[in-house]
K.L.:
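To start, I am sharing the structure in question, which I have written as structure tokens.
For this chain, numbers begin at 1 and follow the sequence in order. Because only heavy atoms are used, hydrogens play no part in the values below, and waters and symmetry mates are left out as well, while side chains stay in.
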Amino acid sequence: MSAGRKAALVATAGVALYVGLCLAAMRWSACTFDEPIHLPPGWVSWTLGDHRMNPDHPPLLRRVAALPLLAMDVRMDRDDHAWRVSRPWEFGKRFLFRWNDADRLLFWGRLSMVVFVGATLAIAVFLWTRRLFGPAAGASALFLYALDPDMLAHGAIVANDLGITLFLFLGVITFERLAERITPGRLLACGLALGGAVATKFSGLALLPILASLALVVVLRREPLGAALGRRPPRTVAGAARKLAALGACVPPVAAVAVLVVWASYGFHSALARDPDVNAAFDWSRIQPPGAATRTALALVRRVQLLPDAWTYGFLHFLDHARTRPSFLLGEHSEAGWRHYFLVTFALKTPVPLLLLGLAALGLAGKAGARRAAFVALPFALYFAMAMSRTINIGHRHLLPVYPFLFVAAGAAAAALWNARRGRAAARAGVLLLLAWHAAGTLRVHPHHLAYFNELAGGPANGYKHLVDSNLDWGQDLIGLRAYMERNAVPRLKLLYFGTADPGYYGIACDRLPGYQPPPPSTLVREVRPGDLVAVSATHLQGLYLEPEVRALADQLRARRPLAVIGHTIFVYRADFAWSMS
């Protein structure tokens, strides 16, 4: 069998495994927290060319997710108050649960993400690892990716986190080829990846310092740079100054392609809304960035229409809101966050065998070659450092872009150990053990991939003690709660829910307690009596985002033994006390 055919079979098997696990998990996942502000605005941006509902994020990924909806009978009330006054959470909830069948729309939107984002990233990890380190490394990296709980959890929902992971990775691997030989095709590919990153999430701008650092590595190394442009014969560019000039000349065409991608993601329409009255209601004066230079630069961007106004407004809003939020870590609360937050999430949410293979890769880095090692290690280290500099500590998902580089390094380490000349039998047994351990850990928590915590954290059952919010609990386990109620003939319960889904849509008869649930329910109960059955989301069980009086209720519940735990995120209690809120 030819090498190409073997590669195709390996890639097909790995992608099939990944897609199959995602599809199986989707059956048990209710609408997650952010999906109402991604999928419905994605459909609106296609059909109405309007971006009023989610200006905080660029629209590329939500448009990708909404593609299948264009062939469906999707309904929307244009006279709805939430639409007319731009209330995204209310609009998204009504769009999914009142005007349409949420399960149907979410299935197709999520499938689009699995195919176009998750599977594409799997193939990219495989091909680049194979190119740098050989077929065995590529197969190992693909296996680690396909059975990674984070890639499965975030690949099977409509959100931006795996999308920015894809485009940041593509940006690095396309630049690696460009920095080897400059050609029109490679310039185009790099521009498309950069544009995709910036049109997916504003944190995609992190790709700029990453590529600049890699360019410096290329410039300072002795290897010449190739160039084949137009009809000119291929030439070799040697010397630091000439290589710097050649790479500098790549900036304008790459930037031009990236800007074109951003405009295309907004449908080549600049304004936030088609309705002039709605567009005028967006107050630019309230989101002016600090620093005269930044304000001047962004004013120039608007004046010359370099980028859509919708993108610029979203970026200003991103800068304005890139501040602290309430956070929970290792049993403690903070309004300011922790510098070590992402170190902890990385240590507790990453499978231990993947960590061990990553450490092995560090020990074997000298054999990998300096250039290859730099293109794998620098993006990982720089993005990790940038994530740690942020004070918004609400989710490990903001660290996802480092993982493809970890899969590449771990795959290379697995292949190197497999082919070791000394102690080959023991090394191969160790590799097989680590890969089996990696698979077993993920399959053990399936289909609740978001709830994965490794052995250092005490496993998924203890995850809520260390991290909550989108690290564990994104409102996804209402389907499991309904199944529990049906099994135990529970007619009604009280629900302290962290999420945006409609419990009634999922067949849950409940009285809602005051929690963080945008938009808030129209009716709330503010008391718990002895004998009441109370279900509480893990995030609220730890008191996060709650008023002091409701936090007191969570403290009382947490001190008791739950009757059941649904998907590691919803805890069910029988109250033996009375509580009320004035």
K.L.:
Can the positive tip of Arg94 be found less than 6.0 Å from the middle of the six-membered ring of Trp99, inside 45° of the ring normal?
P.N.:
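Verdict for Trp99: no cation-pi partner in Arg94.
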K.L.:
Contact between Leu192 and Phe167 at the side-chain level, heavy atoms closer than 4.5 Å - yes or no?
P.N.:
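No, their side chains stay 4.5 Å or more apart.
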K.L.:
Are any non-hydrogen side-chain atoms of Met113 and Leu162 less than 4.5 angstrom apart?
P.N.:
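A side-chain contact is absent here, since even the closest heavy-atom pair is not under 4.5 Å.
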K.L.:
Students often mix this up, so state it plainly: with edges at 30° and 60°, are the rings of Phe95 and Phe91 parallel, tilted or perpendicular?
P.N.:
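Phe95 vs Phe91 ring planes: tilted.
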K.L.:
Between Ser327 and Asn393 (side chain of the first, backbone of the second, donor and acceptor by atom type, cut-off under 3.5 Å), is there such a pair?
P.N.:
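It does hold such a pair.
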K.L.:
Arg52 versus Asp275: any side-chain heavy-atom pair under 4.5 Å?
P.N.:
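Side-chain contact under 4.5 Å: yes.
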K.L.:
Taking only residues at least two apart or on different chains, which pairs with a member in residues 230-270 satisfy ring pair (Phe, Tyr, Trp, His ring centres under 6.0 Å)?
P.N.:
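Residue pairs passing ring pair (Phe, Tyr, Trp, His ring centres under 6.0 Å), neighbours aside: His51-Tyr266.
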K.L.:
Decide ring-ring contact (aromatic ring centres under 6.0 Å, His included) for Phe126 and Phe407; before the verdict, give the C-alpha distance in whole Å, the side-chain angles of both, and the deciding distance to 0.1 Å.
P.N.:
CA-CA 9 Å; Phe126 169 68; Phe407 297 135; over 10 Å; no
K.L.:
Is the backbone of Ile164 close enough, under 3.5 Å, to the side chain of Thr200 for a donor and an acceptor to pair up by distance?
P.N.:
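No; zero donor-acceptor contacts below 3.5 Å.
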K.L.:
I would like to know whether Leu48 and Trp83 meet side chain to side chain contact (heavy atoms under 4.5 Å, CB included); could you show each step before the answer?
P.N.:
CA-CA 12 Å; Leu48 303 179; Trp83 165 253; 3.8 Å; yes
K.L.:
In sequence, state the C-alpha distance, the side-chain angles, and the governing distance for Arg302 and Thr312, and then conclude on side-chain hydrogen bond (donor to acceptor under 3.5 Å, both in side chains).
P.N.:
CA-CA 7 Å; Arg302 286 199 71 196; Thr312 307; over 6 Å; no
K.L.:
Would you say the ring centroid of Trp311 lies under 6.0 angstrom from that of Phe318?
P.N.:
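Ring-ring flag for Trp311/Phe318: false, centres at least 6.0 Å apart.
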K.L.:
Measure the spacing between CZ of Arg5 and CG of Leu9 and express it to the nearest 0.5 Å.
P.N.:
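Going from CZ on Arg5 over to CG on Leu9, the span is 6.5 Å.
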K.L.:
Which residues pass the side-chain hydrogen bond (donor to acceptor under 3.5 Å, both in side chains) test with Tyr452, sequence neighbours left out?
P.N.:
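Applying side-chain hydrogen bond (donor to acceptor under 3.5 Å, both in side chains) to Tyr452 gives none.
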K.L.:
Is any side-chain heavy atom of Pro41 closer than 4.5 Å to one of Pro59?
P.N.:
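No, every pair of side-chain atoms sits at 4.5 Å or beyond.
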K.L.:
Measure the CG-CG distance between Leu399 and Asn471 for me, rounded to the nearest 0.5 Å.
P.N.:
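So the CG of Leu399 and the CG of Asn471 are separated by 10.5 Å.
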K.L.:
Minimum heavy-atom separation for Val198 to Leu205, with atom names?
P.N.:
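Heavy atoms of Val198 and Leu205 come nearest at CG2-CD2, 4.0 Å.
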K.L.:
Short question: side chain of Ser86, backbone of Ala82 - any donor-acceptor pair under 3.5 Å?
P.N.:
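It does not hold such a pair.
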K.L.:
Taking the side chain as everything from C-beta on, heavy atoms only, tell me whether Phe375 gets closer than 4.5 Å to Trp128.
P.N.:
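The answer is yes, as the side chains (C-beta and beyond) meet within the 4.5 Å cut-off.
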K.L.:
Look at the aromatic rings of Tyr403 and Phe346 and report parallel, tilted or perpendicular, splitting at 30° and 60°.
P.N.:
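Ring orientation of Tyr403 relative to Phe346: tilted.
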K.L.:
If you apply the rule side chain to side chain contact (heavy atoms under 4.5 Å, CB included), what do you find for Tyr18 with Leu121, and how did you get there?
P.N.:
CA-CA 11 Å; Tyr18 175 81; Leu121 182 54; over 6 Å; no
K.L.:
With Ala206, which residues qualify under side-chain contact (heavy atoms from CB on, under 4.5 Å), at least two apart?
P.N.:
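Per chain and number, Ala206 pairs via side-chain contact (heavy atoms from CB on, under 4.5 Å) with Tyr383, Met386.
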K.L.:
I'd like to know whether Thr350 forms a side chain to side chain contact (heavy atoms under 4.5 Å, CB included) with Leu406, so could you lay out the CA-CA distance, the side-chain angles of the two residues, the decisive distance to 0.1 Å, and finally the verdict.
P.N.:
CA-CA 10 Å; Thr350 306; Leu406 180 59; 4.2 Å; yes
K.L.:
List the steps, then state whether side chain to side chain contact (heavy atoms under 4.5 Å, CB included) holds for Arg325 with Asp469.
P.N.:
CA-CA 12 Å; Arg325 296 185 194 177; Asp469 206 317; over 6 Å; no
K.L.:
With a 4.5 Å heavy-atom cut-off, do Thr442 and His449 have their side chains touching?
P.N.:
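Yes - at least one pair of side-chain heavy atoms lies under 4.5 Å apart.
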K.L.:
Under the criterion side-chain hydrogen bond (donor to acceptor under 3.5 Å, both in side chains), which of Asn160, Asp161, Thr165, Asp56 is the partner of Lys201?
P.N.:
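Among Asn160, Asp161, Thr165, Asp56, the one that satisfies the side-chain hydrogen bond (donor to acceptor under 3.5 Å, both in side chains) with Lys201 is Asp161.
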K.L.:
Is a donor on one side and an acceptor on the other found under 3.5 Å between the side chain of Arg62 and the backbone of Ser45?
P.N.:
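Checked: no pair found.
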K.L.:
Look only at the side chain of Ser265 and the backbone of Val262, and say whether a donor-acceptor pair between them is shorter than 3.5 Å.
P.N.:
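Yes; at least one donor-acceptor contact below 3.5 Å.
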K.L.:
With side chains defined as the heavy atoms from C-beta onward, is the minimum distance between Pro379 and Leu214 less than 4.5 Å?
P.N.:
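Answer yes - side chains close enough.
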K.L.:
More than 12 heavy atoms of other residues, nucleotides or ligands under 6.0 Å from CH2 of Trp89: is that the case?
P.N.:
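Count over threshold, so yes.
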K.L.:
Could you note down all residue pairs passing salt bridge (charged side-chain N to carboxylate O under 4.0 Å, His left out) where residues 120-146 supplies at least one of them, sequence neighbours left out?
P.N.:
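Qualifying pairs: Arg131-Glu176, Arg131-Glu180.
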K.L.:
State, to 0.1 Å, how close Gly248 and Pro252 come at their nearest heavy-atom pair, and which atoms those are.
P.N.:
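Looking at all heavy atoms of both residues, the shortest contact is O-CD, 3.5 Å.
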K.L.:
Return yes if some donor-acceptor pair links the side-chain N/O of Asn279 with the main-chain N/O of Ala273 below 3.5 Å, else return no.
P.N.:
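Such a contact is found between Asn279 side chain and Ala273 backbone.
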K.L.:
For Leu225, is there any backbone N or O sitting under 3.5 Å from a side-chain donor or acceptor partner on Lys243?
P.N.:
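Not confirmed, Lys243 side chain does not pair with Leu225 backbone.
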K.L.:
Any heavy-atom pair between the side chains of Phe342 and Val402 that's under 4.5 Å?
P.N.:
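Answer no - side chains too far apart.
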K.L.:
Could you label the plane-to-plane angle of the Phe202 and Phe315 rings as parallel, tilted or perpendicular, counting under 30° as parallel and over 60° as perpendicular?
P.N.:
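Phe202 and Phe315: tilted rings.
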K.L.:
From Leu166 CG over to Leu61 CG, what is the distance, rounded to the nearest 0.5 angstrom?
P.N.:
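Going from the CG atom of Leu166 to the CG atom of Leu61 covers 8.0 Å.
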K.L.:
Applying side-chain contact (heavy atoms from CB on, under 4.5 Å), name anything that partners Thr174, two or more places apart in sequence or on another chain.
P.N.:
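Here the qualifying residues are Ala189, Cys190, Ala193.
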K.L.:
If you take all heavy atoms of Pro36 and Thr500, which pair is closest and at what distance?
P.N.:
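Where Pro36 meets Thr500 most closely, the heavy atoms are CG-OG1, 3.4 Å.
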K.L.:
Does Arg186 reach the main-chain N or O of Arg177 with its side chain, forming a donor-acceptor pair under 3.5 Å?
P.N.:
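Yes: the side chain of Arg186 pairs with the backbone of Arg177.
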K.L.:
Using a 3.5 Å distance criterion without hydrogens, assess whether the side chain of Gln476 forms a donor-acceptor pair with backbone atoms of Thr32.
P.N.:
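Looks like no, no N/O pair under 3.5 Å.
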K.L.:
What are the two closest non-hydrogen atoms of Val218 and Leu247, and how far apart are they?
P.N.:
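Nearest heavy atoms, Val218 then Leu247: CG1-CD1, 4.2 Å.
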K.L.:
Quick one: closest heavy-atom pair of Ala197 and Leu207, and the distance?
P.N.:
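The answer is CB-CD2, 4.2 Å.
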K.L.:
When the side chains of residues 136-147 are checked against the rest of the protein, which donor-acceptor pairs come out under 3.5 Å, sequence neighbours left out?
P.N.:
| from | atom 1 | to | atom 2 | distance (Å) |
| --- | --- | --- | --- | --- |
| Ser140 | OG | Ala136 | O | 3.0 |
| Tyr145 | OH | Gly118 | O | 2.7 |

K.L.:
So, the side chain of Arg339 versus the backbone of Ser389: is there a donor-acceptor pair under 3.5 Å, distance only?
P.N.:
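Checked: pair present.
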K.L.:
So, for Arg84 and Val278, which heavy atoms are closest and what is the spacing to 0.1 Å?
P.N.:
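Looking at all heavy atoms of both residues, the shortest contact is O-CG2, 3.7 Å.
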K.L.:
Nearest 0.5 angstrom please: Leu188 CG to Leu178 CG, how far?
P.N.:
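Reported value, rounded in 0.5 Å steps: 11.0 Å.
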K.L.:
At what distance, to the nearest 0.5 angstrom, does CE of Met388 lie from NE2 of His398?
P.N.:
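Met388 CE to His398 NE2: 16.0 Å, rounded to 0.5 Å.
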K.L.:
Taking atom CG of Leu450 and atom NE2 of His396, what is their separation to the nearest 0.5 Å?
P.N.:
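It comes to 10.0 Å.
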